[in-house]
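Read through the structure below, which is laid out as structure tokens, and then see the notes.
Keep in mind that what you see is a predicted model, and the values were worked out from it rather than measured. Protein chains get the first letters and strands the later ones, always in sequence-line order, with residue 1 at the start of each. Note that these values count all heavy atoms, side chains included, but never hydrogens, waters or copies made by symmetry.
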Amino acid sequence: MDYRSTLNLPKTDFPMRANLSKREPEFLKMWEARGIYGKLIRQAKERTKYILHDGPPYANGNIHIGTALNKILKDIIVKSKFMAGFNSHYVPGWDCHGLPVEHEVEKSLGKKKTELSTVDIRKRCRDYATKFVNIQREEFKRLGIFGEWENPYLTMNFGYQATIVREFGKFLLNGSVYKGKKPVHWCPTCKTALAEAEVKYEDHRSPSIYVKFRMISKLENEFPALKGKPISVIIWTTTPWTIPANLAIALHPDFTYLAVDIGKEVYILAEGLLETVMEKFGVGNYKVLEKFPGKRLEGFKTRHPLYERESIIILAPYVTLDAGTGCVHTAPGHGQEDYETGVQYGLEIYSPVDDDGRFTKDVPFFAGQFVFDANSAVSKKLAEAGALLKEEVMVHSYPHCWRTNDPIIFRATEQWFISMEKTGLRGNALKSINEVTWIPPWGRDRIYGMIENRPDWCVSRQRAWGIPITVFYCSSCKQTLATQETIEYVAKLFEKRGADVWFDEETARLLPEGTRCPGCGGSEFTKETDILDVWFDSGVSYAAVLENRPELQFPASLYLEGSDQHRGWFHSSLLTSVGTRGHAPYCSVLTHGFVVDGEGKKMSKSAGNVIAPEEVINKLGADVLRLWVSAEDYKDDIKISDEILKRLADSYFRIRNTYRFLLGNLYDFDPEKDRIPYPDLYEIDRWALHRLQKLIFRVREAYERFEFHIVYHSVQNFCAVEMSSTYFDILKDRLYTFSSHSRGRRSAQTALYEILSALTQLMAPILSFTAEEVWQHLSGGEGKAESVHLTVFPEIKNEYLDEGLNERWERIWEIRAVVMKALEEARKEKKIGLSLDAQVHLHLPEKEYQFLKSYEKELKSIFIVSSVTLRPVESREEKEVKAEVLRADGEKCERCWNYDVSVGKDPEHPIACGRCVEALQG
RNA sequence: GGGCCUAUAGCUCAGUUGGUUAGAGCGCACGCCUGAUAAGCGUGAGGUCGAUAGUUCAAAUCUAUCUAGGCCCA
């Protein structure tokens with residue numbers, strides 16, 4: 001007789017091979033067709049809200065692995081919060097304005113650009129951004145991300161644009177916005193400001209000059225040794241044309257400076273550069289008169305070498321000893337660092353250069369000259385004044401215009417700023433930082449330090465693709481006009497027609513009729529053409545999205561982005577929210593690290609170590625990518641490599657096979673009819689349920705703490721150790737050989753059903769596709785949810801917890817390990833192959849003997865051998881459990897493969913054991 | 001150059017307030033099974049805890065320096 005067919009072997013059409021790249025899109029279609037996300041939010045409508053507010057990715061290019069990581073992390077949180085019983089409605093967004101899009105559009109236009117109006121360019125920018133929003137949306141959906149994809153937020157939506165105007169309006173009205181000067185990269189050929197991204201660095205020949213600034217302040221009181229001779233501070237620069245704008249000389253506070261007597265006069269310079277400089281000057285005979293740290297000279301005054309003006313000595317930390325003299329020529333209108341120290345010391349941001357790069361007419365000697373041509377004139381004039389000590393030529397890296405390739409200059413221009421101090425923004429922001437939960441905790445220190453030290457926020461840009469700074473200027477008295485009425489009028493216009501109207505319409509039509517200048521009563525106005533920094537756009541997303549959509553909530557429960565956003569979105573959102581609402585827009589901020597390669601190095605095209613999400617999805621599936629996200633501790637940098645992905649794929653298959661085994665053994669189990677009440681379950685099944693409760697506890701807690709790698713490791717361990725190699729292995733005999741409806745089999749199935757449904761739900765936020773696939777295969781009555789994502793996590797059932805039982809089984813597992821070792825020995829000696837070939841004699845100390853006695857009947861199934869006999873050890877000295885392995889007695893039952901003396905007793909089934917005969921009849 | 005952060009087996013992670021021989025899973029090696037079968041089971045080998053110096057009776061854990069790497073500034 002073919003006994004195989006009389007067994008209850010696993011049966012399922014849940015495939016072993018996942019073929020995720022093909023199967024996942026089918027689930028996406030299913031979710032979409034059945035409107036699963038819509039059902040989810042409807043179902044959760046009345047629940048407590050947990051709102052993760054999406055930081056908008058930039059609408060340019062395809063998503064990369066870092067974007068995928070970020071969105072998957074968000075999705076795991078959103079799904080796990082829904083399953084934990086919250087309403088976690090997720091509205092994704094995109095950042096659409098800004099230079100990168102404008103760049104791409106300009107590139108594609110080429111020379112045609114100059115023929116187009118601002119509005120035309122903006123229209124093309126909008127089309128370009130729309131295209132990439134659509135591309136990225138599909139890419140995100142393919143990852144299995146749930147959210148309101150049909151109605152995301154875009155910073156270029158008319159409503160959003162109006163919000164930007166209103167929010168910036170609040171700053172305009174509260175007195176924190178001012179206009180000031182700031183140096184920007186400026187291309188004299190294009191007559192335009194350039195952003196950092198529009199600048200390329202190339203080698204350039206520049207003059208290199210050493211200039212002396214005669215000391216005016218008397219040094220004798222401080223340094224008696226310096227009495228008598230004229231003293232000069234020596235500076236070095238490669239941009240002689242900025243000498244006319246010199247207002248200060250910067251020294252490092254802690255470097256040692258020297259006063260050096262070279263004969264008729266005394267030079268001041270840094271100790272570390274003395275020899276180099278003296279050699280350059282050809283001075284062989286010199287004497288150091290004084291030594292002092294830079295900070296002792298702070299506030300001393302020198303005379304400008306060309307003009308009747310002072311140049312003050314200031315301190316700056318960026319002074320280096322790499323080149324020059326350690327005394328840095330400072331022109332606050334012509335350099336970034338110069339500007340910052342200039343602001344700090346209250347110096348004028350002096351920049352007497354016009355749009356064409358020519359000196360303005362108030363500059364003696366050089367008025368009207370192009371700055372680069374003026375280099376030699378300046379040197380000549382310095383030489384005439386006796387201030388030029390040395391002139392050379394040097395080749396160095398210098399900024400050039402990306403378009404014309406011409407060298408560019410730093411030039412101070414009028415810009416708009418939000419003050420950090422005028423309304424106490426800095427102090428309030430610092431206070432608000434302490435009210436937020438930062439995960440990990442050092443995020444707080446990081447943003448705190450930045451807010452503490454940052455300069456005022458320069459919010460203006462001289463570009464086309466963005467939101468205009470909606471202020472007006474009175475044509476007659478030049479006064480700035482921005483009132484509640486004008487701001488709201490413009491906001492309403494934007495709401496209806498978009499921000500393009502600002503560039504499309506005449507100024508008069510952007511103002512309420514009859515608007516008068518409050519200063520002079522004038523009725524003619526011009527409009528500002530600068531646009532806002534895009535960080536302001538995304539920085540008010542809470543206002544445009546959270547406050548505008550009633551299904552959401554302000555402040556957000558959570559912001560979640562890469563750690564670079566401490567300077568980016570977390571930062572700008574904090575400032576706008578604190579400035580207008582007095583507190584942070586988020587309760588918690590979670591940051592993740594950056595994706596790096598297997599060696600921990602950053603990914604770059606040039607290094608050739610880039611892994612694209614698309615590749616992973618096509619090769620292994622989105623679920624493997626999601627599993628990767630969950631497995632790594634994202635607080636640190638996150639590694640990815642082919643090996644890591646291979647390991648993850650292996651790990652995925654182990655989990656998948658666990659699901660498959662469970663499904664295969666539940667094909668004939670109807671939980672509503674066949675479930676065995678808990679007290680009647682076999683003890684080992686109750687052990688399994690106890691372990692399951694522990695897993696549920698650990699996993700739910702890990703989700704709550706956003707520690708997804710704990711989820712991954714816990715589930716992985718549970719599947720591999722507690723289930724597959726222990727519980728399932730033991731269960732097979734009962735599941736396969738007992739009659740299908742027997743109490744023993746139903747008891748096992750009762751536990752397996754609980755395990756399967758819990759395991760499916762616990763992994764659903766991570767393995768969103770696979771969990772759904774399992775769920776669709778799971779039997780269940782009317783009450784079964786349409787999708788696993790519509791369910792909530794299993795609760796811990798206290799009645800399933802039994803610590804005493806667990807402890808007993810821990811002892812059994814220890815003894816089982818001893819038996820396994822003995823079996824392995826016997827296997828090596830070729831005594832047995834299958835463990836069922838063996839019988840085991842256990843030699844036990846008294847305590848163990850008494851304990852195992854009560855499990856005597858079950859032990860053979862627990863050890864998966866044909867029989868177990870228990871023997872107390874003879875000597876009391878013996879404390880160890882010993883297992884002796886012998887060939888099993890009796891014949892092998894062809895049905896259950898156990899050896900038993902009953903085989904052959906039944907004439908109808910001469911090669912089956914008594915237990916199997918019963919099962920066959922039963 | 002500055003701020004913040006990271007470094008534990010081939011891979012991913014644990015490692016409480018410093019306290020025996022540093023753990024887990026995967027992978028690997030060897031073996032078993034062929035009734036989860038492109039599966040399953042068993043046994044085993046892998047680590048100077050990035051390096052150095054210190055504090056201590058005792059350091060993966062505390063301190064300093066260095067090295068490698070990441071993010072943000074300059």
Side-chain angles (χ1 to χ4, degrees), chain A residues 3-12 14 16-17 252 316-322 336-337 340 440 442-450 452-454 562-568 571 591-603 627-628 630-633 635-639 641-654 656-665 707 709-710 712-721 724-726 728-733 735-737 817 819-828 830 832-837 864 895-897:
Chain A
Y3 285 116
R4 199 173 192 276
S5 62
T6 71
L7 297 168
N8 304 299
L9 294 176
K11 217 185 282 177
T12 177
F14 182 85
M16 179 146 86
R17 288 264 282 153
H252 195 286
Y318 52 77
V319 175
T320 68
L321 299 177
D322 296 344
Q336 186 58 38
E337 290 175 329
E340 276 166 29
W442 50 256
R444 180 242 170 233
D445 301 340
R446 190 162 181 191
I447 196 167
Y448 197 94
M450 288 175 180
E452 219 173 7
N453 294 315
R454 67 156 297 149
S563 59
D564 57 331
Q565 297 304 324
H566 287 110
R567 168 134 321 245
H571 194 113
T591 48
H592 57 79
F594 275 65
V595 181
V596 294
D597 71 9
E599 264 72 59
K601 301 251 166 74
K602 78 161 125 208
M603 290 191 166
L627 196 62
W628 164 72
S630 79
E632 303 266 337
D633 184 356
K635 290 182 214 69
D636 199 353
D637 291 330
I638 301 117
K639 288 199 209 169
S641 67
D642 288 339
E643 184 186 0
I644 290 169
L645 287 168
K646 172 78 169 55
R647 292 291 94 86
L648 258 326
D650 288 344
S651 169
Y652 169 84
F653 283 114
R654 163 63 96 162
R656 185 177 177 90
N657 259 307
T658 304
Y659 285 133
R660 184 163 182 270
F661 178 83
L662 287 160
L663 282 170
N665 285 292
E707 290 175 340
H709 61 289
I710 305 280
Y712 165 80
H713 279 280
S714 302
V715 168
Q716 177 69 27
N717 262 315
F718 183 80
C719 288
V721 181
S724 203
S725 70
T726 307
F728 293 171
D729 213 30
I730 290 166
L731 232 46
K732 284 174 197 166
D733 180 72
L735 287 167
Y736 301 169
T737 71
V819 174
M820 288 302 161
K821 253 179 209 159
L823 288 170
E824 184 64 19
E825 283 297 310
R827 211 170 274 137
K828 256 187 201 146
K830 305 278 178 207
I832 58 163
L834 205 61
S835 60
L836 283 174
D837 297 344
I864 320 181
R895 183 166 178 278
C896 71
W897 296 346

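Counting any heavy atom pair closer than 4.0 Å across all strands shown, Glu337(A) reaches sugar-phosphate atoms only and no base atom. Nucleic acid contact class of Gly600(A) (heavy atoms, under 4.0 Å, all strands): sugar-phosphate only. Lys639(A) comes within 4.0 angstrom of the backbone, heavy atoms only, and of no base. When heavy atoms are screened at a 4.0 angstrom cut-off, Lys830(A) is found touching the sugar-phosphate backbone but no base atom. Among the atoms of the strands shown, none is found under 4.0 Å from any heavy atom of Thr591(A).
Between Arg654(A) and Ser724(A), the side chains place a donor N or O and an acceptor N or O closer than 3.5 Å (distance only, hydrogens not considered).
Within the 4.0 Å cut-off from OP1 or OP2 of C71(B), at least one side-chain nitrogen or oxygen of Lys602(A) is found. An OP1 or OP2 oxygen of C30(B) is reached within less than 4.0 angstrom by no side-chain nitrogen or oxygen of Arg827(A). In terms of phosphate contacts, Arg654(A) brings a side-chain nitrogen or oxygen within less than 4.0 Å of OP1 or OP2 of C41(B). A close approach under 4.0 Å does occur between a side-chain nitrogen or oxygen of His709(A) and OP1 or OP2 of A14(B). In this model, the phosphate group of A38(B) is not approached by any side-chain N or O of Arg17(A) to a distance below 4.0 Å at OP1 or OP2. For Ser725(A) and G42(B), the shortest distance from a side-chain N or O to OP1 or OP2 is below 4.0 Å. When the side-chain nitrogen and oxygen atoms of Ser563(A) are compared with OP1 and OP2 of C72(B), none of them lie within a distance under 4.0 Å. Between G42(B) and Lys828(A), no contact under 4.0 Å exists linking OP1 or OP2 to a side-chain N or O.
Aromatic stacking is not marked for Tyr736(A) over G35(B), as the cut-offs of 5.5 Å for the centres and 30° for the planes do not both hold.
Position along RNA chain B of the nearest nucleotide to Glu599(A) versus Trp897(A) favours Trp897(A) as the more 5'-ward residue. Ranked by how close their nearest RNA chain B nucleotide is to the 5' end, Cys896(A) and Ala720(A) are led by Ala720(A).
The backbone N or O of Gly833(A) lies less than 3.5 Å from a partner atom in the side chain of Arg827(A), making a donor-acceptor pair. At distances below 3.5 Å, not a single donor-acceptor pair connects side-chain atoms of Ser641(A) with backbone N or O atoms of Asp597(A).
Of the charged side-chain nitrogens involved, at least one lies within less than 4.0 Å of a carboxylate oxygen, so that Glu643(A) and Arg647(A) count as a salt-bridged pair.
The two atoms that bring Tyr736(A) and Arg895(A) nearest to each other are O-NH2, 4.4 Å, heavy atoms only.
Distance noted for atom P between U8(B) and A60(B): 15 Å (whole Å).
A donor and an acceptor atom never sit less than 3.5 Å apart when one is taken from the side chain of Arg567(A) and the other from the base of C73(B). Applying the 3.5 Å distance criterion, the base of A36(B) shares no donor-acceptor pair with the side chain of Thr658(A).
Look at CG on Leu9(A): it is 17 Å from P on G40(B), rounded to the nearest Å.
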Practice prompt. Give the intermediate values and the outcome of ring-ring contact (aromatic ring centres under 6.0 Å, His included) for residues Phe728(A) and Phe661(A).
Written response: CA-CA 9 Å; Phe728(A) 293 171; Phe661(A) 178 83; 4.7 Å; yes
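Nearest nucleotide to the side chain of Leu834(A), out of G40(B), C33(B), C5(B): C33(B). When distances are taken from the side chain of Lys821(A) to each of C13(B), U43(B), C11(B), the shortest belongs to U43(B). Comparing atom distances between the Met16(A) side chain and each of A38(B), C4(B), G40(B) picks out A38(B) as nearest.
In RNA chain B, the stems built from three or more successive Watson-Crick or G-U pairs (distances below 3.5 Å) are B:1-7 with B:67-73, B:10-13 with B:23-26, B:28-32 with B:40-44, B:50-54 with B:62-66.
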